[in-house]
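Working notes, beginning with the structure itself.
Hydrogens, waters and symmetry mates play no part in the numbers below; they use all other heavy atoms, side chains included.
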Amino acid sequence: MNFADILDKWDDMEKAEAEKGRAKKGAPQVSHKKANAPTKEEKELLRQGYSLEAQMKKDAQKTINPMEAWLRQHDTIDKDALADEYAESRKMKSRTYIREMAVEARIDLHGLSRDEAWARLNSFVGDCQARGLKKILIIHGKGVHSHGSDPVLGPMVKSFIEQDKRLGSSGHPDRFMGGSGATWVMIREK
């Protein structure tokens, strides 16, 4: 027996085993779908005049800034963005910037009792924090119309600000915004 006879015998054995496997399993399952056939969505887009090839050509022509590609590949930190964030945080800590910042919401507590003012102020601060506001103005008056000798709302507002962890720095605006009869407050971020 020569090598060619051995190979022929080997092929015959392989064919016989394959025939046995097909007989046991039945006919092999064949998909009747064409390879790379468009999906229903793609057919609808084609019907509307959208060309997949044209879109692929557009996508292939898009280029990315080489520096941006390098930054994405090497996962580096954008130092300019960090510097901008740092400058913004320093600006927010600057007392003059905070003082000159525009008031975003205000509440007037005139005519309310101490307990009513506390409750209304508590819900107002919660609402402002939920809306993402940074600076609010609380108008409490100077206490000229208070019953008795001492003002009621001014000290209550000061006490509220000191006790509430949602609130930060505070101060009195200029006389055109209420002077000592009003208090501006910075709301801390969540």
R166 vs N122, side-chain contact (heavy atoms from CB on, under 4.5 Å): CA-CA, chis, key distance, verdict: CA-CA 10 Å; R166 300 173 291 183; N122 189 28; 2.6 Å; yes
E104 side chain to K134 backbone, donor-acceptor under 3.5 Å: yes
Side-chain donor/acceptor of K135 to backbone N/O of M101, under 3.5 Å: yes
Validation row: F124, I136 side chains within 4.5 angstrom (heavy atoms): yes
Test item: H140 side-chain N/O and H110 main-chain N/O as donor-acceptor pair under 3.5 Å: no
Rounded distance (nearest 0.5 Å) linking atom CH2 of W184 with atom CD1 of I161: 9.5 Å
Verdict with supporting geometry, K158 and T183, side-chain contact (heavy atoms from CB on, under 4.5 Å): CA-CA 9 Å; K158 183 178 179 185; T183 304; over 6 Å; no
Salt-bridge contact R131-D127 (side-chain N to carboxylate O under 4.0 Å): yes
CG-CE distance between D115 and M156, expressed to the nearest 0.5 angstrom: 9.0 Å
Considering all heavy atoms, the nearest P173-A182 contact: CD-O, 3.4 Å
Separation of R120 CZ from D108 CG (nearest 0.5 Å): 9.5 Å
Whether over 12 other heavy atoms sit under 6.0 Å from R188 CZ: yes
S169 side, atom OG; I187 side, atom CD1 - distance, nearest 0.5 Å: 11.0 Å
Flag, side chain of E116 to backbone of S113, donor-acceptor distance under 3.5 Å: yes
Separation of W118 CH2 from Q163 CD (nearest 0.5 Å): 4.0 Å
Side chains of R47 and K43 in contact at under 4.5 Å (non-hydrogen atoms): no
Reported CG-to-CG distance for the pair D5 and D8, which is rounded to 0.5 angstrom: 6.5 Å
Joint hydrophobic cluster, V103 plus M186, side-chain heavy atoms closer than 4.5 Å: yes
Close side-chain approach of P155 to F160, heavy-atom, < 4.5 Å: no
Hydrophobic cluster membership, I107 vs L112, 4.5 Å side-chain cutoff: yes
Side chain proximity check, I138 to L109, heavy atoms < 4.5 angstrom: yes
